[in-house]
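No hydrogens, no waters, no symmetry mates; every other heavy atom, side chains included, goes into these values. Each chain gets a letter, A, B and so on, in the order its sequence line appears, and its residues count up from 1.
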Protein chains: 2
Amino acid sequence: MPIERRPLREQIRDELLRRLDRGDFSAGTDINEAALAAELGVSRTPLREALITLAGEGVLESNQGRGFRFAPVSRKEFRELCEIVAALESLALELSDPEHLRKIGPELLRLAREFPDSVAAQQDIERHDDEWHDLLLSGCPNERLLDLVTSVKAGMRRYAHLRAGDDAPLEREADEHCRVAESLIAGDLPAATRALRDNWVNGMERMMARIPE
Amino acid sequence: MPIERRPLREQIRDELLRRLDRGDFSAGTDINEAALAAELGVSRTPLREALITLAGEGVLESNQGRGFRFAPVSRKEFRELCEIVAALESLALELSDPEHLRKIGPELLRLAREFPDSVAAQQDIERHDDEWHDLLLSGCPNERLLDLVTSVKAGMRRYAHLRAGDDAPLEREADEHCRVAESLIAGDLPAATRALRDNWVNGMERMMARIPE
DNA sequence: ACTATGAATTCTGAATACAAAATAGTACAT
DNA sequence: ATGTACTATTTTGTATTCAGAATTCATAGT
């Protein structure tokens with residue numbers, strides 16, 4: 001069995017994102033490096049490396065002499081992120097092998113239909129949603145693009161926990177995913193791309209009201 | 001006068017990108033942190049922070065225990081980067097205020113026409129090209145998108161110096177820029193977007209042959 | 001001659017130490 | 001009471017040190 005040997009900075013980054021998903025950090029608050037490092041049981045060095053990475057992804061922002069803090073959320077930024085991811089995922093779809101897309105269509109449909117039945121924990125929903133999108137893009141040969149999508153989505157994690165307790169949109173989300181899957185099965189790529197864009201636009205609208213300004 | 005007070009890591013990052021433009025580093029070679037830090041007159045800490053940032057942007061890659069190295073160039077990756085930037089710039093254009101686009105149209109046209117007369121140094125050409133694209137996107141309200149474009153373009157800098165000494169394509173590049181500007185002046189956004197995409201696709205084709213495999 | 005083994009060296013990854021900037025707090029003057 | 005100057009404390013930014021992994025090199029064995 002291959003024992004995991006990854007740099008601490010990556011493990012720390014993952015842990016911070018996990019905590020972000022759980023809503024542990026409130027956006028806009030400063031990070032105390034020494035305290036956080038102690039809490040994680042590491043030194044400040046790899047922690048800072050992780051923070052710098054996250055700042056590059058837009059999860060954090062840094063000010064000279066003032067350290068890092070979780071970038072405050074805003075409707076404007078969330079809209080911006082959605083616009084970007086929608087465009088990137090559309091591109092990924094267009095670059096994918098149509099044959100492969102048709103092949104994963106049924107699986108995408110199945111996943112969309114068994115979308116957690118609203119009772120599931122928020123984290124499960126997120127994970128399920130991510131899984132669906134990952135599968136959707138699995139045929140894209142542009143590796144840089146996939147990395148980029150992952151990176152931009154990291155920036156959206158600050159918003160994920162705001163969705164908690166909002167059950168109604170879940171069905172619509174599942175519905176829209178079905179629509180995408182069906183278009184892919186039918187081999188209609190443009191329709192699938194449009195449906196995907198709609199999904200992002202609608203998802204954005206649904207979220208907007210829940211973002212405090 | 002406001003004296004510059006930026007973190008060392010940012011200054012180092014800029015300096016490394018400058019050197020990359022000059023072709024100082026040959027892609028694929030490892031970086032010796034201690035040597036480079038000494039050469040720059042800084043300690044390894046802020047240097048490593050800059051390296052990590054650049055790795056996040058795809059300029060460098062890191063392997064556990066083996067440090068950083070300039071990611072080797074490849075036709076595949078260059079194609080991928082072009083696809084991404086083309087999509088992002090197109091999106092930026094679509095999000096821009098049409099009125100503003102029409103207003104900067106003439107300036108874009110002027111800049112395109114006075115494209116350095118092939119005698120200029122390679123670096124001047126790059127700078128001029130960047131300036132043109134920056135102006136093109138200047139009306140985009142999506143700040144995250146602009147940051148992202150900058151970041152992805154950083155990854156393309158590894159390819160910039162490969163273009164050196166290739167004069168012929170310059171006129172075509174200028175030509176294509178004119179085409180975009182004219183479409184904008186005419187208020188035909190879809191045409192401008194198409195022309196811009198063409199520009200990226202053609203620019204990619206032109207470069208392909210010069211990338212060693 | 002070639003491979004394998006192991007010591008020596010070099011380099012990275014991480015922790016610690018130090019310096020400088022920012023923040024908080026206090027005394028003092030108005 | 002309010003504002004200002006000054007000190008103390010905290011926190012970041014950078015440098016240095018330490019530990020361990022990777023590489024190199026030499027040597028022994030086949």
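- The distance from atom CG of A:D30 to atom P of C:dT23 is 9 Å, rounded to the nearest whole Å.
- To the nearest angstrom, P of D:dT11 lies 15 Å from CG of A:L51.
- At a threshold of 4.0 angstrom between heavy atoms, the contacts of A:I52 with the nucleic acid are absent.
- Among the nucleotides D:dT12, C:dC11, D:dG13, the one closest to the side chain of A:Q64 is D:dG13.
- In the set C:dA14, C:dT12, D:dT14, D:dT14 carries the atom at the smallest distance from any side-chain atom of B:P46.
- Across C:dA15, C:dG13, D:dG13, the shortest atom-to-atom separation from the side chain of A:E33 is found for D:dG13.
- For B:R66, a side-chain nitrogen or oxygen approaches OP1 or OP2 of D:dT23 to under 4.0 Å.
- Two residues, A:R44 and A:L8, neighbour DNA chain C, and the one matched to the more 5' nucleotide by heavy-atom proximity is A:L8.
- Residue A:S43 places at least one side-chain N or O closer than 4.0 Å to OP1 or OP2 of C:dA15.
- Distance B:R6 CZ to D:dT14 P: 12 Å, rounded to the nearest Å.
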Would B:V152 and A:R144 count as a side-chain contact (heavy atoms from CB on, under 4.5 Å) if you check the C-alpha gap in whole Å, the side-chain angles of each, and the deciding distance to 0.1 Å?
-> CA-CA 10 Å; B:V152 176; A:R144 292 299 303 260; 5.7 Å; no
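- Of the candidate nucleotides C:dT12, D:dA22, D:dA15, C:dT12 has the atom lying nearest to any side-chain atom of B:R48.
- Taking the side chain of B:T45 as heavy atoms from C-beta on, and the options D:dT16, C:dA14, C:dT12, the nearest nucleotide is D:dT16.
- Atom pair A:F68:CZ and D:dT12:C1' shows a separation of 9 Å (rounding to whole Å applied).
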Steps toward salt bridge (Lys or Arg N to Asp or Glu O under 4.0 Å) verdict (B:D14, B:R6) | CA-CA 11 Å; B:D14 291 351; B:R6 290 162 66 214; 2.6 Å; yes
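- Taking the six-membered ring for Trp, A:H177 and A:H133 have ring centres closer than 6.0 Å.
- The nearest whole Å value for the distance from the CG atom in A:N63 to the C1' atom in D:dG13 is 14 Å.
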